[in-house]
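Below is one structure, written out as structure tokens; the observations come after it.
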2 protein chains.
Amino acid sequence: MAVETLNHPLSAETGVGRDAQVARPKVAVDTVLFAIERGRLKCYLVQLGAGAAAGKWAFPGGLVRVGETLDEAARRELYDAARLSNLYLEQLFSFGDPSRDPGAHVVSVAYMGLIDDAGAASSGSRKYAAGQWFEVAALPALAYDHSVMAEYALRRLKSRLEYTNIACNLLPPTFTFAELEDLYATVLERPLDRRNFRRRIMAMGLLKRLAEKRRGPHRPAALYAFRHRGVQVIEML
Amino acid sequence: MAVETLNHPLSAETGVGRDAQVARPKVAVDTVLFAIERGRLKCYLVQLGAGAAAGKWAFPGGLVRVGETLDEAARRELYDAARLSNLYLEQLFSFGDPSRDPGAHVVSVAYMGLIDDAGAASSGSRKYAAGQWFEVAALPALAYDHSVMAEYALRRLKSRLEYTNIACNLLPPTFTFAELEDLYATVLERPLDRRNFRRRIMAMGLLKRLAEKRRGPHRPAALYAFRHRGVQVIEML
DNA sequence: CCAAAAGTGTTGAGTATACACCCATGA
DNA sequence: TCATGGGTGTATACTCAACACTTTTGG
């Protein structure tokens, strides 16, 4: 790995001083956005419209601007790409390999995002040629190192499901126990025992049972809601 | 939070194009380096010699250069700061609040580092006024948001100790069981049951018992070594 | 009354915790 | 021989996984 030695170590921490206009890596954010649609785990991809990777699919993202936090940058890019706002975001990992983007050295801070309604994403944006949901199990070839990001995000989602109440961000405000269980089974890619699952979830004490029931062709199912939709910090065990 | 809207979203991903010379946040790395010294958990701080935070203590770090990975940047900074190399590094989190450094918008990728010999750090460096080990329980006031980094790092170290064989990076090549247990008790800040601890560690199968013994004023203790000092991916459970 | 999904307890296995005594050595 | 840290086993509580039948509704 040939490492350029461009700047003086002096004042390197603050970035002020003589080296202010030396070439520096740029910072970007990219978000792996998940949703459940018709019992399938999907994530949102945009088709790049400019640059060396034009035509390829990637996660929505872009350069961070001076003055905004990383979270703000990720939210701005998601809004620009798909008019989405107010979703759950969690920082995943930062990717800094200088060759990850052949065009320039861009360090990307990857985020995982969750949304309860895939239909809320609108694909028309100035920035991208297209945008749509893809099943996680069948993603197209991705630009840059975005397939690595996808793996990180999926692993994180799975582990968060096991330990936190993060599922509330993938479900509508009210839902049946069967829907919650289907969500878990879909994401974790394994069947769950209904009784054990119910016990585990109930032991967390995060759900409240509502008075209404969901009526269908068969026995009506009790509706539930998460007590706290905001805070995700509660961990089981 | 006032967000500047400087650049066009076009070609923002690759960073090539018209916006090439627009002001951008810089990328830095900072490393929270831990070692055990005389039964205490310590971390290495440097005293800043330039910039707005001159005189304050901080973790060693600095701007990432074009062409190097984040890991390489962290290692380079640690070498420059304390002539340390070949240590265990793990990425923690990226901090991007624009106000975290009053001098400029610097996004910092924080790392946790582990070293088995605190004495290997040499404090003389061109870049910093001083460098020394501080007990984690009694850190001085830190520059920037480095006290938040310290909390993240300590939490990560604790959880890694419970689930992985990461401890090998804080111990010399051979050690007694008592030393391993002291390490755990020190970092986790709670006493451990000697028999249960032994069983748990042995169940992981990561240690090999050596023929030699450590002789001291009392009964000699069996020496152990980690089977694999490199790979840290093995998780218990 | 039949089909289909909703709802509910118990048992056994394995894992984690609490706990106390003998051993080997140097001084 | 004594002081000091090294080394070992068992009994109990708890947690997790496996497992099947009854209930409620709409058609």
Side-chain angles (χ1 to χ4, degrees), chain A residues 36 38-39 158-165 167 171-172 174-225 234-237, chain B residues 36 38-40 158-165 167 171-172 174-186 188-225 234-237:
Chain A
I36 303 281
R38 274 174 281 113
K158 285 179 181 177
S159 89
R160 283 284 188 257
L161 266 196
E162 310 247 29
Y163 299 122
T164 75
N165 69 338
L171 286 172
T174 70
F175 50 89
T176 68
F177 231 102
E179 290 166 343
L180 181 62
E181 190 186 330
D182 285 351
L183 162 64
Y184 271 77
T186 298
V187 175
L188 300 177
E189 295 172 290
R190 61 183 158 90
L192 299 172
D193 180 86
R194 203 178 340 153
R195 285 164 291 186
N196 294 337
F197 178 73
R198 217 181 176 91
R199 203 179 5 253
R200 243 184 72 196
I201 297 290
M202 282 317 201
M204 295 202 284
L206 303 169
L207 298 185
K208 57 169 181 271
R209 184 169 187 154
L210 305 179
E212 312 97 275
K213 306 221 161 206
R214 166 148 319 158
R215 309 194 75 81
H218 302 297
R219 176 175 177 175
L223 283 174
Y224 291 84
I234 301 138
E235 307 227 344
M236 1 186 315
L237 264 182
Chain B
I36 303 281
R38 274 174 282 115
R40 304 287 185 162
K158 286 180 180 177
S159 89
R160 284 282 189 260
L161 266 196
E162 309 248 29
Y163 299 123
T164 74
N165 69 337
L171 286 173
T174 69
F175 50 89
T176 68
F177 232 102
E179 289 166 345
L180 181 62
E181 192 187 330
D182 285 350
L183 163 65
Y184 270 76
T186 298
L188 299 178
E189 294 172 290
R190 62 180 158 90
L192 298 172
D193 180 87
R194 205 183 334 160
R195 284 164 291 189
N196 294 336
F197 178 74
R198 217 181 175 91
R199 208 185 353 260
R200 243 183 73 194
I201 297 291
M202 283 318 204
M204 296 203 285
L206 303 169
L207 298 186
K208 56 168 182 274
R209 184 169 186 153
L210 305 179
E212 315 98 272
K213 306 221 163 207
R214 165 148 323 157
R215 311 193 73 81
H218 302 296
R219 176 175 177 175
L223 283 174
Y224 291 84
I234 302 138
E235 306 226 346
M236 5 185 312
L237 268 183

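Values below: every heavy atom of this structure, side chains too, minus hydrogens, waters and symmetry copies. All chains are named by letter (A, B, ...) in the order of the sequence lines, taking the proteins before the strands, and each is independently numbered beginning at 1. Predicted model only: the values in this text are computed from it and were never measured.
Atoms CG (L223(B)) and C1' (dG6(D)) sit 12 Å apart, rounded to a whole Å. Atom P of nucleotide dG6(D) and atom CG of L180(B) are separated by 13 Å, given to the nearest angstrom. Between the CE atom of M202(B) and the P atom of dA16(C) there is a distance of 17 Å, rounded to whole Å. Atoms NE2 (H218(B)) and C1' (dT1(D)) sit 14 Å apart, rounded to a whole Å. The interatomic distance linking E162(A) (CD) with dC16(D) (C1') rounds to 13 Å, in whole Å. Protein atom CG of N196(B) is 17 Å distant from nucleotide atom P of dG7(D), rounded to whole Å. Rounded to whole Å, atom C1' of dC19(D) lies 18 Å from atom CZ of F197(A). The distance from atom CZ of F177(A) to atom P of dT23(D) is 21 Å, rounded to the nearest whole Å.
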Might you work through the side-chain contact (heavy atoms from CB on, under 4.5 Å) test for R194(B) and R199(B), ending with a clear yes or no?
-> CA-CA 9 Å; R194(B) 205 183 334 160; R199(B) 208 185 353 260; over 6 Å; no
Decide yes or no on side-chain contact (heavy atoms from CB on, under 4.5 Å) for R198(A) and E181(A), but give the supporting numbers first.
-> CA-CA 8 Å; R198(A) 217 181 176 91; E181(A) 190 186 330; over 6 Å; no
From CA spacing to verdict: side-chain contact (heavy atoms from CB on, under 4.5 Å), L207(A), L180(A) = CA-CA 11 Å; L207(A) 298 185; L180(A) 181 62; 4.0 Å; yes
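Within the 4.5 Å cutoff, side-chain heavy atoms of E162(B) are placed close to those of R200(B).
Taking for each of T176(A) and P220(B) the nucleotide of DNA chain C with the nearest heavy atom, the 5'-most of the two is the partner of T176(A). Nearest-nucleotide assignment on DNA chain D puts the 5′-proximal partner with R198(B), out of P217(A) and R198(B).
The side chain of R195(A) contributes no N or O atom lying less than 4.0 Å from OP1 or OP2 of dC19(D).
Remark: the R194(A) side chain and the dA20(D) base include no donor-acceptor N/O pair separated by less than 3.5 Å. Evaluation of atom-type donor-acceptor distances gives a pair under 3.5 Å for the side chain of R219(A) against the base of dA6(C).
Looking at E179(B), its side chain does come within 3.5 Å of a backbone N or O of T176(B) through a donor-acceptor pair. Judged by distance alone, with hydrogens and angles left aside, the side-chain atoms of Y224(B) form no donor-acceptor pair with the main-chain N or O of L210(B) at under 3.5 Å.
Within 4.0 Å (heavy atoms only), R215(A) reaches sugar-phosphate atoms of the nucleic acid but no base atom. Heavy atoms of R199(A) sit under 4.0 angstrom from at least one base atom.
Here the CG-CD1 distance, from N196(A) to I201(A), works out to 11.5 Å after rounding to the nearest 0.5 Å.
In the region residues 184-193 of chain A, proximity to DNA chain C at under 4.0 angstrom, judged on heavy atoms, holds for none of the residues.
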